[in-house]
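Note that this is a predicted model, so its numbers are computed, not measured. Only heavy atoms go into these numbers, but all of them, side chains included; no hydrogens, no water, no symmetry mates.
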Amino acid sequence: MKYILALVFTLSLLACQSEKRNLSEGVAIELPNTDLYEPLESEATSDDENYQAALDFINSYVESIDKVEILEFVKNSPLASEKLKSELENMVILAWEENPRIGLLANPLFDAQDYPPNGFELHEFNAPTGYVIVKGIDWDDFKVALQLVKEDGHILVDGCGIVNIPENMRIER
C-alpha cells in the first residue's frame, strides 16, 4: 500500500510540472470561511478555539488528496498563508531539480508517505506559539505539527509537516 501511495503521490507531483490544471475542471474543494476564526492579536494564536483553522486545513487536504495536486490545493486554500504557499512550491521545485525521476520522497504536509484516511483531530495546542499538533483519527500515533499565524486579519496555517516547521518542532517518525 505504501508503494502504491508513493507512486500516486509521485505521479501527482509530476503532473504539477506540466501545465497547471484549473479547479474548474469539476473538482470542488469545500473549505471553511476564514472569517469565522477570531483574528489574532499577535503573530501567534491567543485563543484555544483558533486551532480549528489547522484542523480545517489538514482535514480539507485529506478529503481532496485524490482530487487535486498538493500545490494546487495549498495555492487555492484560503487557510494557507502566502509563506506556506511559496515555501511548498520552492520545496517541490527543488526536489524535482535534485532528482527529476523521483522528486519528493514523501508528502511534505504529512512528512510521510501514508496518512490517516479518516482525517485528524486535535492532540495539542500551544496558544502562545501558535503550534498545533494533530493526530490521526483511529491512528493515534500519527501526528503532524502545524503553525498558525495572523495574516490580513485572519488565522492561517503558516507551517505544516516539514513546510515552515523548524526541525526541533517536527514530529519524529
Original post:
Distance from I137 atom CD1 to N59 atom CG, nearest 0.5 Å?
Top reply: 6.0 Å
Original post:
Is a side-chain donor or acceptor of S64 paired with a backbone partner of S60 at a separation under 3.5 angstrom?
Top reply: yes
Original post:
Got a second to check how far N107's CG is from I70's CD1, nearest 0.5 Å?
Top reply: 4.0 Å
Original post:
About how many Å separate CD of E87 and OG of S81, when rounded to the nearest 0.5 Å?
Top reply: 9.0 Å
**OP:** Determine the interplanar angle of the F142 and F120 rings, folded into 0 to 90°, and report it as parallel if under 30°, tilted if 30 to 60°, perpendicular if over 60°.
**Re:** tilted
**OP:** Would you confirm whether the ring centroid of F110 sits within less than 6.0 angstrom of the ring centroid of Y61?
**Re:** yes
**OP:** Kindly compute the distance separating CZ (F57) from CD (Q52), expressed to the nearest 0.5 Å.
**Re:** 14.0 Å
**OP:** Please answer: with hydrophobic residues joined when any side-chain heavy atoms are less than 4.5 Å apart, are I171 and Y115 in the same cluster?
**Re:** no
Subject >> Distance-minimising heavy-atom pair for P116 and G136 >> reply: CG-CA, 3.6 Å
Original post:
Quick one: do L148 and I133 end up in the same hydrophobic cluster if we chain Ile, Leu, Val, Met, Phe, Trp and Tyr together by side-chain heavy atoms under 4.5 Å apart?
Top reply: no
**OP:** I would like to know whether K75 and E89 meet salt bridge (Lys or Arg N to Asp or Glu O under 4.0 Å); could you show each step before the answer?
**Re:** CA-CA 9 Å; K75 284 184 175 186; E89 182 174 32; 2.9 Å; yes
**OP:** Check the surroundings of atom NZ in K83: do more than 12 heavy atoms from other residues, nucleotides or ligands lie under 6.0 Å from it?
**Re:** no
Subject >> Minimum heavy-atom distance between C160 and L109, given as atom pair plus value >> reply: SG-O, 3.3 Å
Original post:
Between Q113 (side chain) and L105 (backbone), is there a donor-acceptor pair under 3.5 Å?
Top reply: yes
Original post:
Can any side-chain N or O of Q147 pair as donor or acceptor with the backbone N or O of T129 at less than 3.5 Å?
Top reply: yes
Subject >> Least distance between heavy atoms, G161 atom then V144 atom >> reply: N-CG1, 3.8 Å
Subject >> Step-by-step side chain to side chain contact (heavy atoms under 4.5 Å, CB included) determination, V134 to E124 >> reply: CA-CA 7 Å; V134 295; E124 187 177 310; over 6 Å; no
Subject >> Atom of Y131, atom of P166 and distance for their closest heavy-atom approach >> reply: OH-CD, 3.2 Å
Subject >> From E72 atom CD to K67 atom NZ, the distance as rounded to the nearest 0.5 Å >> reply: 12.5 Å
Original post:
With no hydrogens and no angle check, is any side-chain donor or acceptor of R170 less than 3.5 Å from a backbone partner on A145?
Top reply: no
Original post:
For the side chain of N164 and the backbone of D158, is there at least one donor-acceptor N/O pair under 3.5 Å apart?
Top reply: yes
Original post:
CG/L146 to CG/L84 distance, rounded to the nearest 0.5 angstrom?
Top reply: 9.0 Å
Original post:
For Y51 and N126, does a side-chain donor sit closer than 3.5 Å to a side-chain acceptor?
Top reply: no
Subject >> Candidate pair L104 and M91, rule side chain to side chain contact (heavy atoms under 4.5 Å, CB included), full reasoning >> reply: CA-CA 8 Å; L104 293 169; M91 186 179 287; 4.2 Å; yes
Original post:
Where do V163 and P108 come nearest, in terms of heavy atoms and distance?
Top reply: CG2-CB, 3.8 Å
**OP:** Indicate if L71 and L94 have the same hydrophobic cluster label, given that clusters are the connected sets of ILVMFWY residues with side-chain heavy-atom separations under 4.5 angstrom.
**Re:** no
